[in-house]
Structure formats: C-alpha cells, structure tokens
Student: 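Structure below; questions to follow.
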Amino acid sequence: MFRFANPEYLYLLFVLPVLIAIYIYAVIARRKAIKKYGNPDLLAQLMPEVSVKRLNTKYWIFIAAISILVFVIAGPQFGSKLETVKRQGVEIMVCLDVSNSMMSEDVSPNRLERAKNMLSRMTDSFTDDKVGLIVFAGDAFTQLPITADYISAKMFLSSINPSMVSTQGTAIGAAITLAMRSFTPNESSSKTILIITDGENHEGDAIKAAVAAAEKNVKINVVSIGTPQGAPIPVSGGSNYLKDKEGNVVVTQLNEQMCQEIAAAGKGIYVRADNTNSALRTLQNEIDKMDKAELDGKIYSEFDEQFHTLAWIVLALLLIELLMLERKNRIFRKVKLFS
C-alpha cells in the first residue's frame, strides 16, 4: 500500500505554474530588451559564447528538482506488512436510500448529497469501529462489505448515485435483511444498522425486519431526510421535474411516521436530518454509548520510507544545474549537446 506521510505538502506543487510563468515573463522581457540594441541575430554573432538553450535547460532542471523535492517532503511510503490488529469498537452497517426521490432539493443541496456529506463526516470520527455500506431503492445491494478501511468507505460513498439501483422504490425491509447478513460472526461485538431514507414508496415488511434485528440485539437507528412539505424531483440535469402520467409535477414528501415506526420496532433512535449538524451529533452520541468489543482488523502496520531515491535524484539535478554554465565552455565548444 502506498501513501504519503505528509500529503498536505503536495499543495506546494501549485507553486510550480507560478515559477514557470515568472520565467516565461522574464524570457520575453529579455528578448524585448535585446531588440532595443539591434537585430537579435546580429547581436548573437557578437556573443558566440552565450547560450540561450543552456539557460533554458538549467531552469527546467531546476523546476524538475523542485517538483521532485515536493514529493520528498511529502514523505512517500510503501506498506510492507499487512497484519491483524485488535481494536475496541462497534460494527455499523449503513443502509442508504438512493431512490429518485432522494434527489429532491428540500434540504441543501439535495437529500442524497446531504446524506452523503453527513456519512462522510461521521466516518471521519471513527477510529476503531467497522463500517459497511448498503444502497437500496426497489432492491438492496452491498456497496462496501464491513471494514475498518475508512478511506475506501469514503471513496465508495462519493460514487453513490440513483442510477446504481435500476428498480425504483424504497425496499427498507430488504436492506435490513441484507445488513443483518453482512455483519461479522463475532457474537460479542455491538452491532447497529443505520438507515438513511426519506421513507417514500415503502415496500416490503420493514417493521418485521426491524423487530427481527432487535431480537438479535441489533439496533435500528433511522435518519430521515427531507421535509413533510416535500419538493419536486429534478430530472434532466435539474431543468425539469418528474411528472406523473397526467403531466402533473410529482412532489415527494418525507414519510416521517414510517421512519419513526421502524426505529421504534428496532429499539433504536429516530432523528430527522436538516441543514444543521444536529442529526450527526445525535448519532455520534448514540454510537459512543454502545458497548465496545474486540474487533479484528487488517492494516498495514509498517511503512517503509521511500524518499531516499527521490532525494538522490534531486541532489543530482541540483548539481547538474549548478555545474552547467550559461556560457559555452571553451574546452567543449565543439560538443553540440544543445544545438
């Protein structure tokens, strides 16, 4: 596994275009200054030892050295040992509604993006827990098996969109059943299912599935997304809205009562997400209250520093840049490396 120990230093790469722009400006200014004294071709014959190509080469070598130096500072590393570690945490299976109604914009920027942003921030708060991800609409699919790899979790989360599930609907019962099969066999670990949905187009027996989960000591926490007043569903890039067979604009409304019933049946909490972070704080507090158990996790426990080779390359480039003269060397004048 490859990583940078200090990835924030990679932002220094944005300085390179500025340095290049300054050099190009200096070259143009130098050419204009030379033209004031006469024809550049004639002046070049009066200065046979001056080499513009050497000057350009020196600068590009310098730019290359600076670029590689940034990567050296960022600290490239390769994971050399994958091992099982013991952690004290809980297992969380997230079931995210990706039906078309989740594109409604009664919460900013829309229901689905709001849910993804909340889950991303929640993942940032995890340290020793395991998390998995299920997406559902008219059917449910595992997007990410339960894992302690939070980077992968956020990567999969960012790619979620309604087109992932072709069958429309809100099959919460199927999502709960799939989540129950997705936990590890560790009976001592605390487990919870987090459902994020607007509750529209309820399909299947979600209440029955929630009760079955609670009987196995798996709490069902529900986060509702949307407003009771509802909003239309954007289609075609947001310029039009979804319409029914009669041509009327469809307004999708939050089914808050159903969400509350599922949470009650699953002996969990119900919280409604809005444009604040109150729902996120409530969920984090609920997870913190859960009993922590010993969990196995695969991690790269040792990382080898890989900056040495790059550092030698930087040193070699800087030496070449330092030793390269802007004027042609009298001894090697007949060598046409820059012709």
Side-chain angles (χ1 to χ4, degrees), residues 94-123 133-141 143-144 154 156-176 178-179 193-204 206-207 210 220-263 268-283:
V94 178
C95 299
L96 179 58
D97 188 349
V98 295
S99 57
N100 286 336
S101 60
M102 290 290 286
M103 298 304 293
S104 180
E105 298 173 346
D106 48 358
V107 293
S108 179
N110 60 51
R111 296 175 182 177
L112 182 58
E113 288 302 318
R114 181 63 186 171
K116 289 164 62 174
N117 291 338
M118 183 181 68
L119 287 174
S120 179
R121 291 195 299 272
M122 180 184 295
T123 302
L133 181 60
I134 290 172
V135 294
F136 69 92
D139 204 350
F141 300 94
Q143 176 73 356
L144 177 70
K154 294 187 70 171
F156 279 101
L157 181 63
S158 64
S159 64
I160 289 176
N161 60 77
S163 65
M164 301 180 70
V165 183
S166 58
T167 306
Q168 284 302 301
T170 309
I172 298 178
I176 295 175
L178 179 58
I193 296 175
L194 173 59
I195 299 173
I196 303 180
T197 179
D198 57 15
E200 273 243 320
N201 299 323
H202 176 208
E203 298 178 7
I207 303 298
I220 307 293
N221 298 317
V222 181
V223 178
S224 65
I225 298 283
T227 62
Q229 297 77 23
I233 304 173
V235 294
S236 302
S239 58
N240 298 305
Y241 295 100
L242 185 67
K243 298 180 181 180
D244 58 21
K245 295 180 180 179
E246 285 73 33
N248 300 315
V249 174
V250 176
V251 176
T252 170
Q253 297 173 317
L254 169 65
N255 190 341
E256 193 166 24
Q257 180 180 354
M258 188 204 72
C259 294
Q260 293 171 336
E261 291 175 354
I262 294 174
I269 64 168
Y270 164 78
V271 62
R272 179 172 152 191
D274 50 24
N275 290 321
T276 69
N277 294 322
S278 59
L280 176 61
R281 290 191 294 268
T282 302
L283 287 172

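Predicted model only: the values in this text are computed from it and were never measured.
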Student: Would you find a donor on one side and an acceptor on the other, under 3.5 Å apart, between the side chain of D106 and the backbone of T227?
Tutor: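 Yes: the side chain of D106 pairs with the backbone of T227.
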Student: Which distance, rounded to the nearest 0.5 Å, do you find between the CE of M118 and the OG1 of T123?
Tutor: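 Going from the CE atom of M118 to the OG1 atom of T123 covers 10.0 Å.
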Student: What distance separates D198 CG from N255 CG, expressed to the nearest 0.5 Å?
Tutor: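 That separation rounds to 8.5 Å.
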Student: Any side-chain heavy atom of R272 within less than 4.5 Å of one from C259?
Tutor: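 Result no, sub-4.5 Å side-chain heavy-atom pair not found.
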Student: First locate atom CD of Q257, then atom CD of E261, and finally report the distance between them rounded to the nearest 0.5 Å.
Tutor: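 Reported value, rounded in 0.5 Å steps: 4.5 Å.
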Student: Give, for atom CG of D97 and atom OG1 of T170, the distance between the pair rounded to the nearest 0.5 Å.
Tutor: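 Rounded to the nearest 0.5 Å, the CG-OG1 separation comes to 4.5 Å.
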Student: Grab the two heavy atoms, one from P234 and one from M103, that are nearest each other, plus how far apart they are.
Tutor: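 Scanning both residues completely, I find the closest heavy atoms to be CD-O, 3.4 Å.
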Student: Please report the shortest heavy-atom distance between G138 and A171, naming the atom on each side.
Tutor: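 That would be O-CB, 3.5 Å.
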Student: Please check this pair: side chain of Q168 against backbone of N100, looking for a donor-acceptor N/O pair closer than 3.5 Å.
Tutor: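 Yes.
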Student: Could you tell me the separation between the CG atom of L242 and the OG atom of S104, rounded to the nearest 0.5 Å?
Tutor: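 Here the rounded value is 10.5 Å.
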Student: Between the side chain of T282 and the main-chain N/O of S278, is any donor-acceptor distance below 3.5 Å?
Tutor: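 Yes; judged by distance alone, with no hydrogens or angles, the pair exists.
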Student: Under the side chain to side chain contact (heavy atoms under 4.5 Å, CB included) test against I225, which residue among T197, L254, V107 passes?
Tutor: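 One option only clears the test, and that one is V107.
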Student: Which pair of heavy atoms, one from L96 and one from L119, lies closest together, and at what distance?
Tutor: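 Looking at all heavy atoms of both residues, the shortest contact is CD2-CD1, 4.3 Å.
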Student: Give me the atom names and distance for the closest heavy-atom approach of F136 to I172.
Tutor: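 Taking F136 first and I172 second, the nearest heavy atoms are CE1-CG1, 3.7 Å.
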Student: Can you tell me how far apart CG (N221) and CG (L194) are? Round to the nearest 0.5 Å.
Tutor: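 One finds 6.5 Å between CG of N221 and CG of L194.
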Student: Taking all atoms of both residues into account, what is the closest heavy-atom pair of N161 and V98, and its distance?
Tutor: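 The pair with the smallest heavy-atom distance is O-CB, 4.2 Å.
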Student: Between R111 and T252, what is the shortest heavy-atom contact and its length?
Tutor: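 Closest approach of R111 to T252: NH2-O, 2.9 Å.
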